[in-house]
Amino acid sequence: SDPETSGTEVASTNQITEAVLCDPKVGATVTFQPTLIRPAPPLHTSDDEVLWLNPSENTFLPEWDASMCISNSAGVEVRKLMAKAFKGPLVLQQQQQVLGELEKDPKLVYHMGLTPNKLPDLVENNPLIAIEVLLKLMSSNQIAEYYSVLVNMDMSLHSMEVVNRLTTAVELPKEFIQLYICNCIGKCETIKDKYMQNRLVRLVCVFLQSLIRNKIIDIKVDGKKKSIEGE
């Protein structure tokens, strides 16, 4: 075949291909679908129709929501502090921050990472926070679980402080108070170290005196029989 003729055919083929693919009037861009003529929609006029405003420049300013993400950031910070509170005592400023946020938003107590299993750690390390948290949880359907954990945890000065403060702030179930007192007395009877036994007995006596003074419990004496009952 003639090289000149082959070159011409290649050039023609390239020209046709380019025209089919690139020319808007021919080839791939041309379809058989008819062009639809869409008339402009008529203007709707009504007495209650909102007028379209065309503001001029510098006649409006953007409005910023300054409260965006404030509550979320506070919740995150409280969760971080509570994670520390389970492991050790918080400094006074951190305690006040947690208590302040709980005072602002009581529902925050449900989002701070506290569970019944973590309550003993919170009581021993940060009893003041434990008291406020339990007061906020009084209307929760989990409060019975927290009562059970509080009754069965190891007796200590902090646990008695928490129970004593709760009894003066709200009306606790009689069964809870009686069971806690019985567990405290039983702990004093079973401990073998005399020094620790004397120390715990003194703590329990102070605790019972506080309950009697605040009329939380009533001591009834009938001959040789003594009993402790809830009011």
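Owing to the predicted nature of the structure, the values given are computational and were not obtained by experimental measurement. Quick note: numbers below take in every heavy atom, side chains included, and nothing from hydrogens, waters or symmetry partners.
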Are any side-chain N or O atoms of Asn126 and backbone N or O atoms of Leu90, one a donor and one an acceptor, separated by less than 3.5 Å?
yes

In sequence, state the C-alpha distance, the side-chain angles, and the governing distance for Tyr110 and Ser140, and then conclude on side chain to side chain donor-acceptor pair (under 3.5 Å).
CA-CA 9 Å; Tyr110 299 104; Ser140 169; 4.5 Å; no

Decide yes or no on side-chain contact (heavy atoms from CB on, under 4.5 Å) for Val123 and Asp121, but give the supporting numbers first.
CA-CA 5 Å; Val123 169; Asp121 294 332; over 6 Å; no

To the nearest 0.5 angstrom, please state how far the SG atom of Cys182 sits from the NZ atom of Lys187.
16.0 Å

Treating Ile, Leu, Val, Met, Phe, Trp and Tyr as nodes and any side-chain heavy-atom pair under 4.5 angstrom as an edge, say whether Met196 and Val201 lie in one connected cluster.
no

Shared hydrophobic cluster for Val78 and Val91 (ILVMFWY, side-chain gaps under 4.5 Å)
no

Is there a side-chain contact between Leu135 and Val133, using heavy atoms and a 4.5 Å cut-off?
no

In sequence, state the C-alpha distance, the side-chain angles, and the governing distance for Ser156 and Glu161, and then conclude on side-chain contact (heavy atoms from CB on, under 4.5 Å).
CA-CA 9 Å; Ser156 66; Glu161 178 186 359; over 6 Å; no

Kindly compute the distance separating CZ (Arg199) from CD1 (Ile191), expressed to the nearest 0.5 Å.
9.5 Å

Give the minimum heavy-atom separation between Ile131 and Leu166, together with the two atoms involved.
O-CD2, 4.1 Å

Minimal heavy-atom distance between Glu132 and Leu99, with the atoms involved, is CG-CD2, 3.4 Å

side-chain contact (heavy atoms from CB on, under 4.5 Å) for Met82 and Val98? Distances and angles first, verdict last.
CA-CA 8 Å; Met82 286 298 293; Val98 174; 4.2 Å; yes

Taking C-beta and beyond as the side chain, do Val149 and Pro120 meet within less than 4.5 Å on heavy atoms?
yes

When rounded to the nearest 0.5 angstrom, what is the spacing between CE in Met155 and CZ in Phe207?
10.0 Å

Quick check: do Leu114 and Phe86 have side-chain heavy atoms less than 4.5 Å from each other?
yes

Correct closest heavy-atom pair for Pro116 and Glu145 would be CG-OE1, 3.7 Å

Just so I know, are the side chains of Gln97 and Leu81 near enough to count as touching, which here means a heavy-atom distance under 4.5 Å?
yes

Let me see the working for Glu124 and Met153 under side-chain contact (heavy atoms from CB on, under 4.5 Å), right down to the final yes or no.
CA-CA 10 Å; Glu124 290 302 325; Met153 68 177 291; 3.5 Å; yes

At their closest point, which heavy atom of Cys184 faces which heavy atom of Val204, and how far apart are they?
CB-CG2, 4.0 Å

Any Leu203 side-chain heavy atom under 4.5 Å of Leu200 side chain:
yes

Side chain Tyr180, main chain Glu175, donor-acceptor under 3.5 Å
no

Please report the shortest heavy-atom distance between Lys136 and Leu102, naming the atom on each side.
CE-O, 3.7 Å

Distance from Asn125 atom CG to Lys84 atom NZ, nearest 0.5 Å?
14.0 Å

Given 3.5 Å as the limit, does a donor-acceptor pair link the side chain of Asn214 with the main chain of Thr168, or not?
no

Check the hydrophobic clustering (I, L, V, M, F, W, Y; side-chain heavy atoms under 4.5 Å; chains of links allowed) and say if Val163 and Met138 are grouped together.
yes

Measure from the side-chain N and O atoms of Ser148 to the backbone N and O of Ala144, and report whether any donor-acceptor pair falls under 3.5 Å.
no

is_close_aromatic(Tyr146, Phe176), centroid dist under 6.0 Å:
no

From CD1 (Ile216) to CG (Leu208), nearest 0.5 Å
12.5 Å

Locate the shortest heavy-atom distance separating Gln197 from Glu189; write the atom from each residue and the value.
NE2-O, 4.2 Å

Rounded to the nearest 0.5 Å, what separates atom OG in Ser159 from atom CG in Asp154?
8.5 Å

Check: Leu128 and Arg165 side chains under 4.5 Å, non-hydrogen atoms:
yes

Mind checking whether Leu134 and Leu119 have side chains closer than 4.5 Å, heavy atoms only?
yes

Are more than 12 heavy atoms, taken from residues, nucleotides or ligands other than Glu103, located less than 6.0 Å from that residue's CD atom?
no

Hydrophobic cluster membership, Val206 vs Ile181, 4.5 Å side-chain cutoff
no

Does Asn164 reach the main-chain N or O of Leu211 with its side chain, forming a donor-acceptor pair under 3.5 Å?
no

